[in-house]
Amino acid sequence: MLTKKEIADALGLSCVEKYFLAWLGKYCDITRLYGCEFVSLAQVFDDFARGATYQNYCYLQRLQDVAQDLGIVNHGFITCSAAEAIEYINKISDDKLCLIRVNGNFFEGFKRSAWREDHYVCLNKKLEWINEYPLATGVFDEQNFARVFDGAVCTYTIKDIHAECTDNVTSLFADQRYSPQNIPRNLNQLESAVGILRVTRKRLKKFYEKNARVAELLDKENALLDKLYFNTRLRLIKDVSNNLPADFMSDVQETIEIENKIAEELAK
């Protein structure tokens, strides 16, 4: 069973991606997957300035799908009744990742609920479960399982942990040059954009760990992105103006400058 720490440490953009990375990390080095997918600063800012939402951001392939395409894992998905789901789960081997889709009943008693409607919970044969957001654990009895089950079971199985992963990031990042154009102009848009960037750039920090200069620059960028994210969240909680403050723009500009320096390093 996955632990809270394993899920909290996973650099995923969705609940399924977090469960998946925490699980796959038990069997192989998942850092190599971080070099398979890249989204540029320009695209992220432009997408959210045009109305993209974090919970439905579809311009970056999820790493569970990347791993499936590469032949690292097999993916299973069935729709069924709660009784059929319990019978199916009882037959799953312990080394598989098993997720169930849950409905709104699951969140009764929580102060927060998932951002997406199609939310998944990880569980085992004993119906012990762990939830990514809010981060919590528990055990279902069959009655409660039936009450929260939303008709789908998702599984992942190891296929070939030695399958080759191609570095698609370096050339794309090296070609990136960006000057401020379509920067999100309100705090909600900025929070979502930075939310995507801070996960993907933390992945890149791990991917480029052996490149001292690039890793150093990514450390600086990630510190800036964390600062931007938490300051933006704080202002939204305080319910102040949604307009982008001037000091936030300074941090955005510095982030852009660092990204351009990283691109120059990778182009060498």
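These figures come from a predicted structure and were not determined experimentally. Every heavy atom of this structure was used, including side-chain atoms; hydrogens, water molecules and symmetry mates were not.
- A salt bridge between Lys205 and Glu221 is absent, with no side-chain N of the basic residue lying under 4.0 Å from a carboxylate O of the acidic one.
- When every heavy atom of Phe149 is checked against every heavy atom of Cys80, the shortest pair comes out as CE2-O, 3.2 Å.
- Between atom OG1 of residue Thr255 and atom CG of residue Leu225 there is a gap of 5.0 Å, rounded to the nearest 0.5 Å.
- A salt bridge is defined here as a Lys NZ or Arg NE, NH1 or NH2 lying under 4.0 Å from an Asp or Glu carboxylate O, and Glu108 with Arg147 meets this definition.
- Side chains of Tyr34 and Leu63 form a contact here, defined as non-hydrogen atoms less than 4.5 Å apart.
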Salt bridge (charged side-chain N to carboxylate O under 4.0 Å, His left out) between Arg213 and Glu216, worked out: CA-CA 5 Å; Arg213 178 56 178 158; Glu216 177 188 6; 3.3 Å; yes
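- Note on Phe107: it does not cluster hydrophobically with Val139, by side-chain heavy-atom contacts below 4.5 Å among ILVMFWY residues.
- Here the side chains of Leu172 and Ser40 are not in contact, with every heavy-atom distance at 4.5 Å or above.
- Taking hydrophobic clusters as Ile, Leu, Val, Met, Phe, Trp and Tyr residues chained together by side-chain heavy-atom distances below 4.5 Å, Leu24 shares a cluster with Met1.
- Between Ala22 and Ala10, the shortest heavy-atom distance links the atoms N-CB, 4.2 Å.
- Remark: Arg235 is positioned above the aromatic ring of Phe248, its terminal NZ or CZ atom under 6.0 angstrom from the ring centre and at most 45 degrees off the axis.
- Between the side chains of His119 and Asp150, no donor N or O sits under 3.5 Å from an acceptor N or O.
- Nearest heavy atom pair, residue Leu11 against residue Leu21, reads O-CD1, 3.4 Å.
- Side-chain contact between Arg62 and Leu13 is present, with heavy atoms from C-beta onward closer than 4.5 Å.
- Classification of Lys202 and Asp226 as a salt-bridged pair holds, one side-chain N sitting under 4.0 Å from a carboxylate O.
- Thr31 and Asp29 share a donor-acceptor pair across their side chains, judged by distance under 3.5 Å alone.
- Note that CG of Leu127 is 7.0 Å distant from CG of Asn90, once rounded to the nearest 0.5 Å.
- At least one side-chain heavy atom of Arg185 sits less than 4.5 Å from a side-chain heavy atom of Met249.
- Using a 4.5 Å heavy-atom threshold, the side chains of Tyr120 and Cys154 count as touching.
- One finds no salt bridge joining Glu264 and Lys261 here, because no Lys/Arg side-chain nitrogen approaches an Asp/Glu carboxylate oxygen to under 4.0 Å.
- Nearest heavy-atom pair, Val44 versus Ala193, reported as atom, atom and distance to 0.1 Å: CG1-O, 3.5 Å.
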Take Glu191 and Tyr229 through the side chain to side chain contact (heavy atoms under 4.5 Å, CB included) test and state the conclusion after the steps. CA-CA 6 Å; Glu191 180 190 33; Tyr229 187 81; 3.7 Å; yes
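- How far CD of Glu142 is from CD1 of Ile86: 4.0 Å, rounded to the nearest 0.5 Å.
- Glu17 and Ser14 form no side-chain donor-acceptor contact under 3.5 Å, judged by distance and modelled atom types alone.
- With Tyr27 contributing its side chain and Asp95 its backbone, the two residues share a donor-acceptor pair below 3.5 Å.
- Annotation: side chain of Arg201 is in contact with side chain of Glu259 (closest heavy-atom distance under 4.5 Å).
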I would like to know whether Cys98 and Val153 meet side chain to side chain contact (heavy atoms under 4.5 Å, CB included); could you show each step before the answer? CA-CA 7 Å; Cys98 180; Val153 179; 4.0 Å; yes
Output side-chain donor-acceptor pairs under 3.5 Å for residues 68-77, partner residues at least two apart or in another chain, one line each.
unit_1	atom_1	unit_2	atom_2	d
Asp69	OD2	Gln61	NE2	2.9

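- The minimum heavy-atom distance between Tyr54 and Gly195, with the atom names listed, is CE1-C, 3.7 Å.
- Atom-to-atom distance recorded for Phe38:CZ and Asn168:CG is 11.5 Å, nearest 0.5 angstrom.
- Atom OG1 of Thr157 is separated from atom CD1 of Ile92 by 8.0 Å, given to the nearest 0.5 angstrom.
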Quick one, Phe20 with Leu99, criterion side chain to side chain contact (heavy atoms under 4.5 Å, CB included). Give me CA distance, side-chain angles, the key distance, then yes/no. CA-CA 10 Å; Phe20 178 80; Leu99 312 173; over 6 Å; no
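- Between Arg203 and Glu37, none of the side-chain N atoms (NZ, or NE/NH1/NH2) sits under 4.0 Å from a carboxylate O, so this pair counts as no salt bridge.
- Of the candidates Phe106, Tyr19, Phe145, Phe106 is the only one forming a ring-ring contact (aromatic ring centres under 6.0 Å, His included) with Trp129.
- Closest heavy-atom contact between Pro184 and Leu190: CB-N, 3.8 Å.
- Classification of Glu87 and Lys91 as a salt-bridged pair holds, one side-chain N sitting under 4.0 Å from a carboxylate O.
- Of the inter-residue distances, the one linking Ser250 atom OG with Leu224 atom CG reads 8.5 Å to the nearest 0.5 angstrom.
- The closest side-chain heavy-atom distance from Leu2 to Lys26 is below 4.5 Å.
- At a threshold of 4.5 Å between non-hydrogen side-chain atoms, the residues Leu236 and Asn188 count as touching.
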Go through the steps for Asp251 and Asp247 under the test side chain to side chain contact (heavy atoms under 4.5 Å, CB included), then give the verdict. CA-CA 7 Å; Asp251 288 336; Asp247 56 326; 6.0 Å; no
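- Dense packing is recorded around NZ of Lys125, with more than 12 heavy atoms of other residues, nucleotides or ligands lying under 6.0 Å away.
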